[in-house]
Visitor: 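Below you will find the structure I want to go over with you.
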Number of protein chains: 2
Amino acid sequence: MRTDPSNGQAGESRQTYDQKLEFVLQRAAEVFAERGFHRASIRELARATGMSLAGHYYYFRSKNEALFRICDHVLRQILDTFEERAKAIDDPLERLRLLVFTHLEISLSHMREMKVLSHEAESLRGEYLAKIRQTKKRYYDSLASILREIRGDRRGNGRDLRLAAMTLFGSMNWIYTWYRPEVDGEAKRLTDFMLGIFLRGFLGGEGATARRAGRILRHPSR
Amino acid sequence: MRTDPSNGQAGESRQTYDQKLEFVLQRAAEVFAERGFHRASIRELARATGMSLAGHYYYFRSKNEALFRICDHVLRQILDTFEERAKAIDDPLERLRLLVFTHLEISLSHMREMKVLSHEAESLRGEYLAKIRQTKKRYYDSLASILREIRGDRRGNGRDLRLAAMTLFGSMNWIYTWYRPEVDGEAKRLTDFMLGIFLRGFLGGEGATARRAGRILRHPSR
DNA sequence: TAGCTATTCGAACGTTCGTTCGAATCCTTC
DNA sequence: GAAGGATTCGAACGAACGTTCGAATAGCTA
């Protein structure tokens, strides 16, 4: 049995393994999203992939590892994409728009993985849970630091900042419970809407930053 | 075996039965909230109540019925409390504040039940699921109609209204994932904060309604 | 105290679960 | 076409699950 994907022989076979792993995890995400992690069995996963029950254990050590990989992958995808895109951006308002847009864009294109992440990640145990929480915290810190910068530490306190961040995360992470693509439009529209509500609310509609936010909200740069 | 609580003999014994049922469901909510509905077993519930495994089937027909009762009870509690309180209130801004406050107040005082409702209700099947969804829709319609009244149908469209309602619900329903009473304060503070963000954002900071909302937000009536 | 009903229990049933293991098959390389 | 690792499979394991059922107990009424 192969113990570590990176140890395999190089070339074509390596690629095939990674592709199949991705395929298996994608189907797993669909099954977990539809049925819930604990209710879904690996026998159902077998039905969804066309493989045998035992065959899946070639791609993950346990059901929990499969869950971890799904959660970790989509969470890192959001965080990495945001950090890559934000490298060239200094304006905190633009960085906030980028964070919201990236979050929503990946949420809509990976709805099932996001549902699994939001809904089932806390079922993880031990090291798996610790790693996911650590990445989530890194993500939260990114948002909090942007908000702190936007507000310029002139008003409010740390508790308000925490509430603001959680309020925004709540709006975004709740999407998987109601979003329907044919009704609700695409990521850009949702970004304009949710960022609009949040930013006007967060800045209180007064001051120079708020007026600049008003211009950005009326003429979004992307 | 008793088939319907309301058929029992009257008086003390009746009261005892209802009290014990409430006790059992409260413990069940704690276990379901902590472990998740599918992972939690009735044997664990037995450990939490001090009763035997079989004894629980005197209070509910199935594990699914227990879940339904928990969800239905807390959902109705929010809706009924809000409708009762809102009877005497005409101003839609005040009604919105009442809705948010009631939702948050009951969320904080029944955090475990709310977590079960938000997290596990979609695991229900058949008639149970239909009933919960129906009540949720009634609740959504209440909010949507208030928002429509506030906006006065002057701007935006039905889709925007839907997004606004879901954005607000998202902020409120996400609370169970992060709320810590010693850090985040009580329902009134959360209401002022979340309603403030949402209302300024929803009204766009312009027009007479927005100015009136500004006054209400600065001098909350409760 | 006797009798009746409400309440609780121990024990078991059939099912499904995650996981393991040795064998079978596939695919590449020589 | 033989060799050898990569990949897949059938079959089975023990454990845990939701639910049932008849018996036992508790508590009230007569």
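Below, chain A is the first sequence line, B the second, and so on; all start at residue 1.
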Visitor: What's the closest nucleotide to the A:I42 side chain, out of D:dT19, C:dT19, C:dT8?
Guide: C:dT19
Visitor: Taking the six-membered ring where the residue is Trp, are the ring centres of B:F68 and B:F60 under 6.0 Å apart?
Guide: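 So the answer is no for these two rings.
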Visitor: Check this one for me: any side-chain N or O of A:S41 less than 4.0 Å away from OP1 or OP2 of C:dC17?
Guide: yes
Visitor: Can you identify which nucleotide, out of D:dA12, D:dT19, C:dC9, has its nearest atom closest to the B:S62 side chain?
Guide: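 Of the candidates, D:dT19 comes closest.
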Visitor: What is the separation between atom CZ on A:R125 and atom P on C:dG18, rounded to the nearest whole Å?
Guide: 15 Å
Visitor: Can you check the B:F37 CZ to D:dC17 C1' distance for me, whole Å?
Guide: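 Rounded to the whole Å, the gap is 12 Å.
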Visitor: Quickly work out the B:Y58 OH to C:dT7 C1' distance and round it to whole Å.
Guide: 5 Å
Visitor: Find the distance A:Y57:OH to D:dA11:P and express it as a whole number of Å.
Guide: 18 Å
Visitor: Between P on D:dT19 and CZ on B:F60, what's the gap in Å once rounded to a whole number?
Guide: 9 Å
Visitor: Find the distance B:E44:CD to D:dG18:P and express it as a whole number of Å.
Guide: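 Computing the B:E44:CD to D:dG18:P distance gives 9 Å.
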Visitor: Examine A:K63 relative to A:F37 and say whether NZ or CZ is less than 6.0 Å from the centre of the six-membered ring and inside a 45° cone about the ring axis.
Guide: yes
Visitor: For the aromatic rings, using the six-membered ring if either is Trp, is the centroid distance between B:F82 and B:H103 under 6.0 Å?
Guide: no
Visitor: Charged N to carboxylate O below 4.0 Å: is that the case for A:D184 and A:R180?
Guide: no
Visitor: Rounded to the nearest Å, what distance is computed from the OH atom of residue A:Y17 to the P atom of nucleotide D:dA6?
Guide: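 About 11 Å, once rounded to whole Å.
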Visitor: Give one of base, sugar-phosphate or nothing for A:A46, where a contact means two heavy atoms less than 4.0 Å apart.
Guide: nothing
Visitor: Quickly work out the A:H38 NE2 to C:dG18 P distance and round it to whole Å.
Guide: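 Taking atom P of C:dG18 as the reference, NE2 of A:H38 is at 9 Å.
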Visitor: Check whether any side-chain N or O of A:Y59 sits under 4.0 Å from OP1 or OP2 of D:dT8, and answer yes or no.
Guide: yes
Visitor: What does B:A40 touch in the nucleic acid at a heavy-atom separation under 4.0 angstrom: a base, only the sugar-phosphate, or nothing?
Guide: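 B:A40: backbone/sugar contact only, no base atoms under 4.0 Å.
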Visitor: Whether A:E83 and A:R138 form a salt bridge (side-chain N of Lys/Arg under 4.0 Å from carboxylate O of Asp/Glu) is what I want to check.
Guide: yes
Visitor: Please figure out whether B:R39 or A:M51 has its closest DNA chain D nucleotide nearer the 5' end.
Guide: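 First, find each residue's nearest nucleotide; the 5'-ward one identifies A:M51.
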Visitor: Ignoring backbone atoms, test whether A:K20 places a side-chain nitrogen or oxygen under 4.0 Å from the OP1 or OP2 oxygen of D:dA6.
Guide: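 Answer is no, no contact under 4.0 Å.
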